[in-house]
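Written below as structure tokens is the structure these notes are about.
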2 protein chains.
Amino acid sequence: MTTKETTRRSRRGSGAITLRDVAKLAGVAPITASRVLTSPERVSPENRQKVLDAVQRTGYVPNRLAGGLASARSRLIAAVVPSTVMSVFMETIESLNATLFDAGYQLMLGQSGYSPVREELLLEAIIGRRPDGIFLTGILQQGKGRTRLLASGIPVVETWDLTPNPIDMLIGFSHQDIGREVARFLIGRGRRKLGMIRANDERAGRRAHAYAAAATQAGLPPITDIDVGASRSLKSGREALRALLEQNPEVDAVFCSSDLLAIGALTEARARGISVPEQIAIIGFGDVPFVADMVPALTTVHIKGANIGRLAAGHLIDRAEGRDVDQPVIDVGFTIIERETT
Amino acid sequence: MTTKETTRRSRRGSGAITLRDVAKLAGVAPITASRVLTSPERVSPENRQKVLDAVQRTGYVPNRLAGGLASARSRLIAAVVPSTVMSVFMETIESLNATLFDAGYQLMLGQSGYSPVREELLLEAIIGRRPDGIFLTGILQQGKGRTRLLASGIPVVETWDLTPNPIDMLIGFSHQDIGREVARFLIGRGRRKLGMIRANDERAGRRAHAYAAAATQAGLPPITDIDVGASRSLKSGREALRALLEQNPEVDAVFCSSDLLAIGALTEARARGISVPEQIAIIGFGDVPFVADMVPALTTVHIKGANIGRLAAGHLIDRAEGRDVDQPVIDVGFTIIERETT
DNA sequence: TTGAAAGCGCTAACAT
DNA sequence: ATGTTAGCGCTTTCAA
């Protein structure tokens, strides 16, 4: 009775039920209760039942902050995306999240907003949470962010791109190949005056370069390239087609850096009575869910976004659980889906 | 020299730089280093500088798991959305996330996938992380989830709906009012045979009911209601319009439960040579970014999604920091934006 | 203004 | 199979 185990302490704490409470109620040591929840097979059926009953009765929900701190495994995965609204990446995030959740991991979402400054801050915030893995949309070439990530030792998977020197794991495809193949595709269908409408992000830039190079290599005149800046809206697609036609009225094919821009171009073409694909062929990028069912259905470059998410989740989980990843770099490729606009 | 401070312990720990390391390097106590990072004004300029230097030199990133555990403030906010792909909620999530990030909070994203079972599991996983606040898309009527949330004591904001008995805070609008006003809007423009195309979610159901009731009340024949199930694709919008016309060839106005369904209906109408708005008026819901610039531009119900996110973040942060929220329930309303399809 | 001590709630390590 | 002990890395409390 003079022992201190019933002593008031209580100047801190959230007041929530703890593992201690559960263990006390079940009449076992805290570690036994802990084992019931993490490796039930290592506890006798009787004790297991007692603990589970206590959990039920108290409505106990384990504090993963504490668990993560003690075990150095947060079961948190962080994902960085440039943007979430109408973004081609969300399919990837959705499957990433679903796969992670089923394996007992939680997703933290960060938006870099296409800004390097913000990305820097974001990475610091992320590392502070000690996630078991980090998912990056795109790749991270040199810079402070890359250094920090490397130093953190946290498993990283870069995606939606390819690079000879990934930080760690990589699941993507070649933007250069896409640009080249789209050019060949259009040329193969008799197009000769190629145009491009694109947002000014780095990946779209690489697609554009390869596209232009392939055109030149085929002996065509230089492509007409319209940069819409940061905006990826349907509206800027419309405006861009207008600008494109002004610069080069003879253009007979346009590669757009996103489906939304392509729909904008398509809309503008229709508004001007330009027939697609007869006078102008239009091809998008991303194959967002609804472009297949429009009239005319959009020809576009399909990326298996959900697949990227699933693979990335698998890799990250493997690494988090100490398993080796046999194929740390995967090229998931792409497909040009021909529909009615080419 | 016989003190234990230099004793090897090292059987645990992640090996990362800790506050201890920084403090040692700066020649101060850990708590002083801690203060530099949380309340710098309480530390002398000299010590402050020494600590900041040490942070720089070591590349120290505070472990927020440990901080959260010690302070009972995780600076984590959890958000539950039904889906992320092409979803009208993403604008809300984006502004929620941005506002939270600027205030030093991190967002955890959970997908309920429109399934109550999954939602249940998700809530348990979320509560386990001890977030400082929870953002819910939609409202949570009775059920285990609601009970658990209430029991957790975590601040909750429900959104995108209204209810007389919110769990805690609420930022939304009335789906019933929308249904009624859309009906009145169409009737006011001379439409008499109203149709509805909708996904089978509960909120769309309430809009549909009010819409139907308003039609009946105005002395119109019963509306024709097409349920597309769980699918919200453009394709199902097309199929739905087909079904609608089969059931009721005379229909002269269609209210769709999402913009994507509306675009589907629009597409099908065009494919069949039905002129919009002359023969059929079409109105959507959500006002996703690009429907304003299509041809024809879609008439739709606009919700200030970004506003909901910002307000919700503000409320959650206020509550997390112990401030009172003077307007825990906010009706952000809606606007019918008339464009070219009505 | 600074620091020592004592935890936050959990789990790894080492017994038994 | 179960328990004891000692932390994880930080912050609160209390004292100087």
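Per chain, numbering begins at 1; letters A, B, ... match sequence-line order.
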Quiz item: Is the shortest heavy-atom distance from the side chain of B:L123 to the side chain of B:L140 under 4.5 Å?
Solution: yes
Quiz prompt | Among D:dG9, C:dG9, C:dA4, the nucleotide that comes nearest once only the side chain of B:I31 is considered | solution = C:dA4
Quiz prompt | Flag, side chain of A:T159 to backbone of A:G172, donor-acceptor distance under 3.5 Å | solution = no
Quiz prompt | N or O in side chain of A:S14 less than 4.0 angstrom from C:dG9 OP1/OP2 | solution = yes
Quiz item: Going by heavy atoms in the side chains, are A:I154 and A:I126 under 4.5 Å from each other?
Solution: no
Quiz item: A:K50 NZ to D:dG3 C1': how many Å, rounded?
Solution: 14 Å
Quiz item: Quick one: which of A:L170, A:T137, A:D168 gives a side-chain contact (heavy atoms from CB on, under 4.5 Å) with A:E158?
Solution: A:L170
Quiz prompt | Separation of atom CG in B:N63 from atom P in D:dT11, rounded to whole Å | solution = 10 Å
Quiz item: Hey, does B:R35 reach any base, or is it just sugar-phosphate, or nothing, if we go heavy atoms under 4.0 Å?
Solution: base
Quiz item: How is A:P30 classified with respect to the nucleic acid when contacts are heavy atoms under 4.0 Å: base, sugar-phosphate, or nothing?
Solution: nothing
Quiz item: Between B:L65 (CG) and D:dT11 (P), how many Å, whole number?
Solution: 12 Å
Quiz item: 5'-most contact on DNA chain C: B:G27 or B:A70, nearest heavy atom basis?
Solution: B:G27
Self-check item: Spacing between B:L19 atom CG and D:dT11 atom C1', to the nearest angstrom
Solution: 9 Å
Practice problem: Among the candidates D:dT2, C:dA4, D:dC10, find the nucleotide nearest to the side-chain atoms of A:S44. | Solution: D:dT2
Quiz item: Whole Å only: how far is the NZ atom of B:K24 from the C1' atom of C:dT2?
Solution: 18 Å
Self-check item: Length of the line joining A:L69:CG and D:dT11:P, which is rounded to integer Å
Solution: 12 Å
Quiz item: The side chain of B:S34 lies closest to which of these nucleotides: D:dT2, D:dT11, C:dG9?
Solution: D:dT11
Quiz item: If you fit an axis to the five pairs at each end of the helix from C:dT1-D:dA16 to C:dT16-D:dA1, how big is the angle between those two axes, to 10 degrees?
Solution: 30°
Practice problem: Starting from C1' on C:dT2, measure out to CD on B:E41 and report it in whole angstrom. | Solution: 15 Å
Exercise. Would you mind telling me which residue lines up with the more 5' stretch of DNA chain D, A:A66 or B:R42, judged by nearest nucleotide?
Key: A:A66
Quiz item: Hey, does B:A29 reach any base, or is it just sugar-phosphate, or nothing, if we go heavy atoms under 4.0 Å?
Solution: sugar-phosphate
Quiz item: So, is B:N47 near the phosphate of C:dT2, with a side-chain N or O under 4.0 Å from OP1 or OP2?
Solution: yes
Exercise. Consider the side chain of B:T32, meaning its heavy atoms from C-beta on, and name the nucleotide among D:dG9, C:dT2, C:dC10 that approaches it most closely.
Key: C:dT2
Self-check item: B:T92, B:V156, B:L107 screened by side-chain contact (heavy atoms from CB on, under 4.5 Å) with B:F135, the one that passes
Solution: B:T92
Practice problem: Say whether, by atom type as modelled, one donor and one acceptor occur between the side chain of A:E94 and the main chain of B:T84 under 3.5 angstrom. | Solution: yes
Exercise. Answer whether the closest heavy-atom distance between the side chains of A:R64 and A:R75 falls below 4.5 Å.
Key: no
Self-check item: Proximal nucleotide (of D:dG9, C:dT11, C:dC10) relative to the A:T18 side chain
Solution: C:dC10
Practice problem: Quickly work out the B:R48 CZ to C:dT1 P distance and round it to whole Å. | Solution: 9 Å
Self-check item: Salt-bridge present (A:D102, B:R118; N to O < 4.0 Å)
Solution: yes
